[in-house]
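Note that the structure is predicted; figures quoted are calculated from it, not measured. So that the names make sense, note that chain A is the first sequence line, chain B the second, and so on, each numbered from 1.
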Protein chains: 2
Amino acid sequence: MNVPPSTVARLPRYMRALEDLAERGEQQTSSGELAELVGVQAAQLRRDLSYLGSHGVRGVGYDVQNLLSQVMGALGLTHDRAVVIVGLGNLGHALANYVQAYVVDGGPGFRVAALVDADPAVIGTEVAGLVVEDAAHLEDVVAREGATIAVLATPRDVAQEVCDRLVAAGVRGILSFAPRALQVPEGVDVRSVDLASELQILAFHDRRRP
Amino acid sequence: MNVPPSTVARLPRYMRALEDLAERGEQQTSSGELAELVGVQAAQLRRDLSYLGSHGVRGVGYDVQNLLSQVMGALGLTHDRAVVIVGLGNLGHALANYVQAYVVDGGPGFRVAALVDADPAVIGTEVAGLVVEDAAHLEDVVAREGATIAVLATPRDVAQEVCDRLVAAGVRGILSFAPRALQVPEGVDVRSVDLASELQILAFHDRRRP
DNA sequence: TTCTGTGAACACGTTCACAGCC
DNA sequence: GGCTGTGAACGTGTTCACAGAA
């Protein structure tokens with residue numbers, strides 16, 4: 001069951017749409033309806049789902065709950081993963097609260113296991129219900145919690161170093177907000193969110209304007 | 001000069017690497033060096049740059065300052081665009097500060113023109129050096145500032161409505177943090193950052209783990 | 001019939017490999 | 001010789017269009 005990356009990237013959107021349908025009490029749906037909700041072509045949605053196996057009924061459609069289970073299973077949301085958030089400046093602080101409120105409490109799959117920062121003024125303070133720990137003990141924290149996923153919200157100049165330490169400690173997936181290309185070994189997955197880049201891409205499309 | 005979307009998405013990274021080189025006093029670079037810094041293949045970088053026109057010298061490489069100008073020009077960073085930030089909850093507040101500190105002050109192209117929220121407790125407060133305005137006047141604010149780009153950090157359930165109003169008021173590019181597919185007319189560009197999705201994608205790659 | 005699942009066609013993006021120019 | 005710019009090959013992703021199951 002090999003799922004192409006571009007399909008994987010769409011699975012969370014399908015999941016969200018299915019959750020919405022389930023909440024509305026819908027029991028059955030179709031590739032057309034679901035595709036419309038998500039904003040993709042129906043054929044693409046069917047192709048994507050086919051990588052997870054065949055779970056629809058021809059002439060009828062898909063069972064919402066069953067398909068939701070399939071998608072969540074494919075994403076590996078069957079048990080909670082420990083997430084460590086490193087860097088609790090302005091952005092990291094907000095991210096910690098956001099992840100706690102909208103990701104952890106919004107469904108299964110994740111648990112904010114620990115918060116880590118290097119600033120003595122921040123260490124020991126409470127954020128999102130957790131006490132911020134010292135970055136000097138980063139490896140211990142990752143090992144203690146068995147964390148495999150990290151959110152990186154440190155300043156740009158220490159991002160690579162922190163990244164290296166996270167990987168060495170056993171982290172396999174990093175969501176980085178530092179505007180910098182991170183080098184990681186084979187098998188480690190980095191997803192990068194760069195606000196300046198996003199705005200610049202928007203500027204490109206708007207560039208004909210005065 | 002038609003630039004493919006995937007190339008556009010990489011231009012900000014090239015720009016950042018070129019800025020780093022310029023800061024280090026490097027005057028000349030090569031596709032190999034630049035590609036290594038950015039984390040892409042040298043051939044891809046040369047192909048990408050070729051869409052902007054030929055600005056390198058065969059056998060020598062690229063002039064850092066000149067190439068930087070070309071890339072910035074292509075991205076439309078020749079003048080400042082007004083950005084409106086809508087929604088100043090936890091995340092929006094941090095984004096406003098971040099954009100002000102790391103995007104606006106980090107280079108040309110953008111100006112945080114206004115902050116808008118619907119919560120009476122937030123309206124009138126000062127964030128990132130600006131006073132938060134009433135969302136009831138959203139259209140007036142966009143028109144007054146001539147804003148073409150917006151950052152959307154509202155709750156999920158009002159995101160589409162706010163999006164519609166932004167577009168009607170003249171916004172052409174939206175950076176959304178709301179976990180929802182936004183419907184926009186032709187010619188309007190939406191880029192979506194969804195933290196839950198990003199973590200779920202990381203979970204997928206880590207799904208073989210216990 | 002209706003709607004899925006999928007082979008086949010197509011479009012897009014990336015990489016190779018080398019001609020062309022310094 | 002060295003490095004760019006780019007045709008051509010390749011690989012990936014998307015869409016078409018229809019056979020097949022309920």
Side-chain angles (χ1 to χ4, degrees), chain A residues 1-14 17-18 21 26-71 74 181 189 197 201 204-205, chain B residues 1-14 17-18 21 26-71 74 181 189 197 201 204-205:
Chain A
M1 199 221 274
N2 203 16
V3 189
S6 51
T7 295
V8 173
R10 280 186 293 268
L11 293 181
R13 299 203 267 150
Y14 300 157
L18 285 165
L21 286 171
E26 306 282 337
Q27 312 222 330
Q28 213 71 21
T29 187
S30 65
S31 63
E33 181 182 40
L34 203 45
E36 162 115 34
L37 283 172
V38 172
V40 301
Q41 296 278 41
Q44 176 156 86
L45 185 137
R46 292 201 300 277
R47 170 80 61 195
D48 284 340
L49 295 184
S50 78
Y51 291 118
L52 314 184
S54 303
H55 303 291
V57 181
R58 288 172 197 242
V60 179
Y62 301 90
D63 180 81
V64 171
Q65 281 301 337
N66 179 48
L67 188 55
L68 184 53
S69 301
Q70 294 301 329
V71 173
D189 199 19
S197 293
I201 294 167
F204 173 87
H205 289 103
Chain B
M1 199 221 277
N2 203 17
V3 189
S6 51
T7 294
V8 174
R10 280 186 293 268
L11 292 181
R13 299 202 269 150
Y14 299 157
L18 286 164
L21 286 172
E26 306 284 335
Q27 312 223 329
Q28 213 71 21
T29 187
S30 66
S31 63
E33 180 181 42
L34 203 46
E36 162 115 33
L37 284 172
V38 172
V40 300
Q41 294 279 47
Q44 176 157 87
L45 185 137
R46 292 201 300 276
R47 170 79 63 193
D48 284 338
L49 295 183
S50 78
Y51 292 117
L52 313 184
S54 304
H55 304 290
V57 181
R58 288 170 197 242
V60 179
Y62 301 91
D63 180 82
V64 171
Q65 281 301 337
N66 178 48
L67 188 54
L68 183 54
S69 301
Q70 295 300 329
V71 173
D189 198 19
S197 292
I201 294 167
F204 173 88
H205 289 103

Pick from A:Leu49, A:Leu52, A:Asp48: which one makes a side-chain contact (heavy atoms from CB on, under 4.5 Å) with A:Thr7?
-> A:Asp48
Decide yes or no for [X] and [Y]: does some side-chain heavy atom of the first lie under 4.5 Å from some side-chain heavy atom of the second?
| X | Y | result |
| --- | --- | --- |
| A:Leu11 | A:Tyr14 | yes |
| B:Leu68 | B:Leu21 | no |
| B:Arg10 | B:Val40 | yes |

Where does the chain A footprint on DNA chain C start and end, counting 5' to 3' with a 4.0 Å heavy-atom cut-off?
-> C:dT2 to C:dA8
Using a cut-off of less than 4.0 Å, is there contact between a side-chain N or O of A:Ser6 and OP1 or OP2 of D:dT14?
-> yes
In this structure, are over 12 heavy atoms from other groups packed under 6.0 Å from A:Glu36 atom CD?
-> no
Atom of A:Ser197, atom of B:Pro12 and distance for their closest heavy-atom approach | OG-CB, 3.3 Å
Between A:Leu37 and B:Ala181, the two heavy atoms sitting closest are O-CB, 3.8 Å
Scan residues 39-50 of chain B against DNA chain D and write down, sorted by residue number, each residue with any heavy atom closer than 4.0 Å; if none is found, say none.
-> B:Arg46, B:Arg47, B:Ser50
Do any pairs count as a side-chain hydrogen bond (donor to acceptor under 3.5 Å, both in side chains) and have a residue in residues 51-64 of chain B, sequence neighbours left out, and if so which ones?
-> B:His55-B:Gln70
Atom CG of B:Leu52 and atom C1' of D:dG5 are separated, to the nearest Å, by 13 Å
Separation of A:Gln28 atom CD from D:dA22 atom P, in whole Å?
-> 14 Å
Would you mind telling me which residue lines up with the more 5' stretch of DNA chain D, A:Val57 or B:Ser54, judged by nearest nucleotide?
-> B:Ser54
